[in-house]
Amino acid sequence: MSSSEWHVERRQSSNESPLSRDLENAPETGSLSIVVLGASGDLAKKKTFPALFHLYVQGFLPPNEVCIFGYARTKITDNDLRNRLRGYLVPGKDSSLEQLEEVSKFLNLIKYVSGSYDSKDGFCNLDKEISEHESLKSSAQGPSRRLFYLALPPTVYPSVCKMIKTYCMNKSDLGGWTRIVVEKPFGKDLESAEQLSTEIGELFEEPQIYRIDHYLGKELVQNMLVLRFANRLFMPQWNRDNIANVQIVFREDFGTEGRGGYFDQYGIIRDIIQNHLLQVLESVLPIKDDEVVLGQYEGYRDDDTVPDHSNTPTFASVILRVHNERWEGVPFILKAGKALNARKADIRVQFKDVPGDIFKCQKQGRNEFVIRLQPSEAMYMKLTVKKPGLEMETIQSELDLSYRQRYQGATIPEAYERLILDTIRGDQQHFVRRDELKASWEIFTPLLHRIDKGEFKSIPYKPGTRGPAEADKVLLEKAGYVQTHGYIWIPPTL
Ligand code: NDP
Ligand code: BG6
């Protein structure tokens, strides 16, 4: 099942608990308290607070309703936190006075509470602060809404959830809600993910839990649903009769950069592939060893937080085979790597050869439909056309929908911005459901366990390259990918 089919089904699912129906009709006014737990951390400053700021600027967080709380163990004041965040919110050196004022107004909405992740005192303090805010704001006339964003290492999720449930749940008689946003990686394998799901599931119901995979909030990922189901063009094409292979590729041109300690515990499959790249779940066959290539970039172990003999992969290429009527025989190649030659994420659907090849142009390349998530959001279709001129020659070209050119002036929201707004609105369709999570861990757990035991070795590769050469070999030999010759898509410039 594809991501889109999954999400369409999810929307249509009628088997929801009364609580989920309540939440669907949950109020969207009244005081709103947004609590960022782990406020002193990397994600909070780089993504969570900037996303909240953008929502504020666009009027989604009205100051007469909203208060934002940062919570962490670090002992700092409200102003210390505000000053730490300021640099991540100011657009640049040339910021106007108006922009700087907006940043200051936003920062004034933020309060900081210090406490540990398992202490009654800390969470009672937090509850007191939230309740004070609620009594000052509109909750006297309406319900109160509490959103807890866990920008924290997964090890503390269970205790934090327990503390929230015990000391910080919304108690308003007038109604309202409490919602929890949890970050990835949600578990390390099938067993630990299920255990975490059970522990959190005992405290909160599924409609209150928002498991974030920020790739689901990216503009072009969201467009896939519309593209696939609102265009007649794709309906007869989207199957094994026409599609030869599908590649889902994530590349970064930098290494683990200060996150080596975290990364070494997880590796590229848990960090990227199991969540961001994997939305095809059901009917996936067990992964074959000869369809996996692991790599580790040279210099990765120089990081003081990474053990000298670490085998943790920073690159992986894995072929998934889907055993169903639509996709039998079409390899899905998932590839992700750190410290590669480019920063880019795209989905590449390669079509089969044209039978007959009457223009003798088959060698130039196949039709490919490419969805470029980043950078330079675009969708383009590689086509063979007649080369302009008197001769009947063929050339590779493209139908190109480049967002920057086609939607000039339109702002593409950051993934986190959109997903936090979805959480406030109670819309779970772009979050990871428990059964979806389980299915994705089921696919990768056997391979991950073998890597953890050192039974599967990572091949060294040079930073700034395409990763281990073996990965391209597997792509050509096992997945039957055909490279287009003499053609590179160049994103149009304005
Ligand atoms: P950090 O390592 O920066 O941790 C966040 C905060 O948690 C820290 O400031 C610290 O706050 C507290 N903390 C750190 N380690 C521990 C520990 N062992 N026990 C208890 N508290 C601890 O993490 P990130 O901000 O990078 O990531 C947070 C979550 O978001 C993680 O689940 C991560 O996987 C996920 N994520 C991160 C991304 C990123 O780019 N950073 C991207 C996508 C997801 P204090 O000591 O003040 O309490
Ligand atoms: C995070 C990973 O989930 O996604 C990081 O933990 C990675 O390792 C990041 O760098 C990539 O996100 P984006 O949106 O910059 O492509």
Side-chain angles (χ1 to χ4, degrees), residues 36-51 70-77 80-81 84-85 88 112-119 122-123 126 148-160 163 180-188 193 196 210-221 248-278 300 305 312-316 336-340 342-346 372-377 412-419 432:
V36 181
L37 298 122
S40 55
D42 187 68
L43 181 79
K45 70 180 179 208
K46 287 190 191 149
K47 299 286 186 187
T48 321
F49 282 107
Y71 183 95
R73 296 170 305 184
T74 306
K75 296 210 174 340
I76 48 171
T77 63
D80 291 337
L81 178 65
R84 276 187 188 200
L85 299 176
Y88 292 89
Y112 182 75
V113 179
S114 166
S116 72
Y117 300 114
D118 54 3
S119 89
F123 282 86
L126 180 62
F148 294 88
Y149 192 111
L150 275 57
L152 287 166
T155 42
V156 294
Y157 293 170
S159 74
V160 168
M163 292 291 131
I180 312 287
V181 181
V182 285
E183 265 294 343
K184 53 135 283 238
F186 199 83
K188 281 195 92 174
L196 198 51
Y210 289 72
R211 295 179 199 85
I212 213 163
D213 170 350
H214 76 279
Y215 267 61
L216 291 175
K218 295 212 182 243
E219 182 69 33
L220 269 85
V221 174
I248 305 172
V249 179
F250 167 98
R251 291 176 207 272
E252 272 181 348
D253 53 0
F254 48 90
T256 49
E257 317 241 302
R259 294 179 72 217
Y262 148 78
F263 191 88
D264 200 66
Q265 296 292 311
Y266 288 87
I268 198 80
I269 296 180
R270 293 183 176 99
D271 189 46
I272 303 289
I273 295 185
Q274 175 269 339
N275 37 76
H276 297 336
L277 303 199
L278 186 74
Y300 168 70
T305 55
T312 301
T314 59
F315 173 98
K338 299 259 177 195
L340 297 181
R343 176 176 178 263
K344 140 177 143 164
D346 60 27
R372 166 76 72 104
L373 310 189
Q374 63 191 32
S376 312
E377 289 89 347
I412 297 184
E414 263 282 314
Y416 279 96
E417 190 180 322
R418 193 192 311 263
L419 295 175
V432 182

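Indexing begins at 1, ligand by ligand and atom by atom, following the structure's order.
- Sorted by chain and number, the residues within 4.0 Å of ligand 1 by heavy atom are G38, S40, G41, D42, L43, A72, R73, T74, Y117, A151, L152, P153, P154, V156, Y157, E183, K184, P185, R259, Y262, Y416.
- Side-chain atoms of E183 and P154, non-hydrogen and from C-beta on, never get closer than 4.5 Å to each other.
- Residues Y112 and D80 have side chains not in contact (no heavy-atom distance under 4.5 Å, counting atoms from C-beta outward).
- Nearest to atom 7 (C) of ligand 2 among the protein's heavy atoms is E252 OE2, 3.4 Å.
- Contacts with ligand 2 closer than 4.0 Å are made by side-chain heavy atoms of R343 only, the backbone lying farther away.
- Judged purely by atom type and a 3.5 angstrom limit, Y71 uses its side chain to pair as donor or acceptor with the backbone of S116.
- Ring planes of Y416 and H214: parallel class, angle under 30° (limits at 30 and 60°).
- The residue among E257, K47, H276, K218 with a heavy atom at the shortest distance from atom 14 (O) of ligand 2 is K218.
- Close approach of ligand 2 to Q374 is summarised as follows: ligand atoms under 4.0 Å from at least one heavy atom of the residue are 13 (P), 16 (O).
- For the residue pair G187 and Y266, the shortest heavy atom distance occurs at O-CE2, 4.1 Å.
- Atoms of ligand 2 found under 4.0 Å from any heavy atom of D271, numbered from 1 in the order shown, are 2 (C), 5 (C), 6 (O), 8 (O).
- Atom 8 (O) of ligand 2 has its nearest heavy-atom neighbour, among K46, K338, E183, in K338.
- T48 and A151 make their closest contact through OG1-CB, 4.4 Å (heavy atoms, listed as atom of the first residue, atom of the second, distance).
- Ligand 2 is approached by Y215 to a heavy-atom distance shorter than 4.0 Å.
- For ligand 2 and R259, the ligand atoms under 4.0 Å from any heavy atom of the residue are 2 (C), 5 (C), 6 (O), 8 (O).
- In this structure, the side-chain contact (heavy atoms from CB on, under 4.5 Å) partners of L340, at least two apart in sequence or on a different chain, are R251, F315, Y461.
- Within ligand 2, counting atoms from 1 as listed, the ones closer than 4.0 Å to a heavy atom of K184 are 1 (C), 2 (C), 3 (O), 6 (O).
- Scanning all protein heavy atoms for the shortest distance to atom 12 (O) of ligand 2 gives H214 NE2, 3.1 Å.
- Annotation: side chain of Y262 is in contact with side chain of P185 (closest heavy-atom distance under 4.5 Å).
- Between the Y157 side chain and the L152 main chain, a donor and an acceptor come within less than 3.5 Å of each other.
- The shortest distance between side-chain heavy atoms of D213 and K184 does not fall below 4.5 Å.
- Using a 4.5 Å heavy-atom threshold, the side chains of D271 and K338 count as touching.
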